[in-house]
There are 2 protein chains.
Amino acid sequence: VIPETPYDPELMAAVTELGSALRELVGVSVATTVGPAELRAAAARARDITSGLVVATRSSTQLPELDDPIAFRRVFSPGTGVGSAIAPPLRIRRVEAEANKAEVQAEVTLGLQYEGAPGFLHGGMGALCMDQLLGAAVIAANRWGLTVHLGLDYRRPVPLETPLVMRAWIAEELGRKTVLAGTIATAEDPYRVLVEASGIFVTPREEQMGAYFGAITNAAGEHAPPGRATDGTALDTGSDAG
Amino acid sequence: VIPETPYDPELMAAVTELGSALRELVGVSVATTVGPAELRAAAARARDITSGLVVATRSSTQLPELDDPIAFRRVFSPGTGVGSAIAPPLRIRRVEAEANKAEVQAEVTLGLQYEGAPGFLHGGMGALCMDQLLGAAVIAANRWGLTVHLGLDYRRPVPLETPLVMRAWIAEELGRKTVLAGTIATAEDPYRVLVEASGIFVTPREEQMGAYFGAITNAAGEHAPPGRATDGTALDTGSDAG
């Protein structure tokens with residue numbers, strides 16, 4: 001278990017509340033059948049909310065105050081972020097698995113806003129979920145890396161508005177490289193695989209870390225690249241996660 | 001060129017306006033640094049908008065009034081939907097290519113709400129974009145299918161807030177199967193590939209069409225499965241697209 005940096009619980013509650021409210025709004029916005037006048041009125045009210053939030057913003061190289069790049073707490077992640085209206089959000093947890101085999105799982109029901117072919121999950125949204133699960137399995141093994149390969153076999157369409165189970169586990173650890181596999185199934189029939197994923201995640205080399213994340217800071221302005229709690233890079237961040 | 005069914009331009013303008021307003025709001029919601037009280041007030045106002053839209057909704061088997069499943073106009077698609085706050089949205093267009101080679105392209109700049117590793121596009125969002133482009137290339141060739149395989153090689157991280165060029169083309173046509181390839185690059189350096197995609201799309205067999213899309217109707221309640229304008233299935237829809 002990676003120790004997390006402390007955070008402001010009031011801010012976390014408020015970010016979660018806004019994320020939930022916007023997620024619900026996005027879901028309803030694709031299903032509503034109200035007329036043009038009502039839609040335009042809703043748009044005007046949405047722009048008013050935007051005006052109130054845009055008065056103070058972080059730069060794109062500064063992490064959100066609630067984020068922890070070492071414990072991989074990312075509150076606005078489009079896969080898992082409690083503050084992201086795009087994210088389902090996936091609540092990924094470590095599960096009991098065979099000896100030395102890190103395995104993660106998430107249960108989720110996906111709405112109409114994620115539709116591809118009529119009635120079914122967009123293939124790209126299935127890919128987003130699998131990328132997130134595979135990355136979480138890497139972290140669960142106290143490893144870390146960026147996706148260098150993602151392969152998806154869509155065996156059967158994934159139904160919307162249906163409880164799903166998503167799983168991912170490590171197939172092989174090869175130095176900086178982690179090979180993973182994952183699946184999507186319905187909760188009702190968890191062994192009938194709908195989507196099968198494979199992935200390769202690679203820990204960036206030190207010179208790549210500098211090139212990719214050299215400008216990234218935390219909300220306090222300190223250099224805060226992602227990495228494992230055991231990485232030298234992580235120890236440079238000034239966080240108390242190590 | 002597939003003839004599109006006509007639509008209500010006032011409704012299209014209103015759906016587009018709300019989609020744009022919510023997309024902007026979602027983008028600002030991940031960047032704002034206002035305090036908990038302001039976030040909670042924004043959440044309350046978002047819930048008010050939701051209350052106004054939820055009074056009338058379509059069922060999940062009924063397509064939106066503006067959709068055309070034959071011309072593949074999908075206004076709430078999480079990849080291309082003008083009414084989707086999740087979608088960038090990708091505006092995919094057919095481009096000049098070698099003889100008999102359907103090729104599509106989209107230019108897009110992606111914001112912080114699509115972030116994976118700090119500063120870069122989430123691998124799963126890159127997959128979503130590529131799945132959408134590959135599917136559009138299939139349609140551009142007057143073919144159609146569901147994703148059965150998607151492979152992504154992430155050669156270099158994809159920067160956010162940077163103009164990108166995404167491309168896809170058909171590599172091979174094998175009966176019901178279409179093999180595709182695609183790329184993501186920056187507009188500044190379009191030949192330096194950041195993400196390379198491959199895909200296989202397959203047109204469902206007739207019995208699969210019934211199993212998958214048997215319950216799908218258009219806003220008028222008529223059976224309206226997806227398909228090509230030249231498909232027998234398409235001619236069953238009662239649309240005037242054929």
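Here the structure is a predicted model, which means the values were calculated and not measured. Within every chain, numbering begins at 1; the chains are lettered A, B, ... in the order of the sequence lines, protein sequences first and strands thereafter.
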Given A:Leu146, A:Thr147, A:Leu112, A:Ile49, the one with more heavy-atom pairs under 4.5 angstrom with chain B than any other is A:Ile49

Is there a donor-acceptor pair under 3.5 Å between the side chain of A:Thr57 and the backbone N or O of B:Thr33?
no

Look at B:Val30, B:Ile200, B:Val26, B:Val202 and state which one has the largest set of heavy-atom pairs under 4.5 Å with chain A.
B:Val30

So B:Leu128 and A:Leu128, do their side chains get closer than 4.5 Å, heavy atoms only?
no

Among B:Ser77, B:Gly119, B:Ser60, B:Ala85, the residue with the most heavy-atom pairs under 4.5 Å to chain A is B:Ser60

Quick one: closest heavy-atom pair of B:Gly124 and A:Asp131, and the distance?
N-OD2, 3.1 Å

Of all heavy-atom pairs between A:Leu22 and B:Ala46, which one has the smallest distance, and what is that distance?
CD2-CB, 3.9 Å

Please look at B:Leu63 and chain A and tell me whether the side chain, the backbone, both or neither of the residue comes under 4.5 angstrom of a heavy atom of that chain.
side chain

According to salt bridge (Lys or Arg N to Asp or Glu O under 4.0 Å), does anything in residues 73-86 of chain A pair up with another residue at least two apart or in another chain? List the pairs.
A:Glu4-A:Arg73, A:Asp67-A:Arg74, A:Arg74-B:Glu115

Determine whether the side chains of A:Thr50 and B:Glu24 contain a donor N or O and an acceptor N or O closer than 3.5 Å.
no

Interface check, chain A: of B:Ala56, B:Gly126, B:Ala21, most non-hydrogen pairs under 4.5 Å belong to B:Ala56

Between atom CG of B:Leu11 and atom CZ of A:Arg40, what is the distance when rounded to the nearest 0.5 Å?
10.0 Å

So which residue, B:Leu160, B:Asp48, B:Val75, B:Val15, ends up with the most heavy-atom pairs under 4.5 Å with chain A?
B:Asp48

Winner by heavy-atom pair count (cut-off under 4.5 Å) against chain A, out of B:Leu152, B:Leu39, B:Leu18:
B:Leu152

Where on A:Ile216 is there a heavy atom nearer than 4.5 Å to chain B: the side chain, the backbone, both, or neither?
side chain

Please check this pair: side chain of A:His149 against backbone of B:Tyr154, looking for a donor-acceptor N/O pair closer than 3.5 Å.
no

Only pairs of heavy atoms separated by less than 4.5 Å count here; which of A:Val28, A:Val55, A:Asp153, A:Val148 has the most with chain B?
A:Val148

Over all atoms of both residues, closest heavy-atom pair of A:Gly83 and B:Ser29
O-OG, 4.4 Å

Checking B:Leu25 against chain A: side chain, backbone, both or neither under 4.5 Å from a heavy atom?
both

If I take atom CD from residue B:Glu161 and atom OG1 from residue A:Thr61, how far apart are they, to the nearest 0.5 angstrom?
9.5 Å

Among A:Met125, A:Gln208, A:Glu196, which has the most heavy-atom pairs under 4.5 Å with chain B?
A:Met125

Of the listed residues (B:Val195, B:Val54, B:Leu134, B:Asp8), which shares the most heavy-atom pairs with chain A below a 4.5 Å separation?
B:Val54

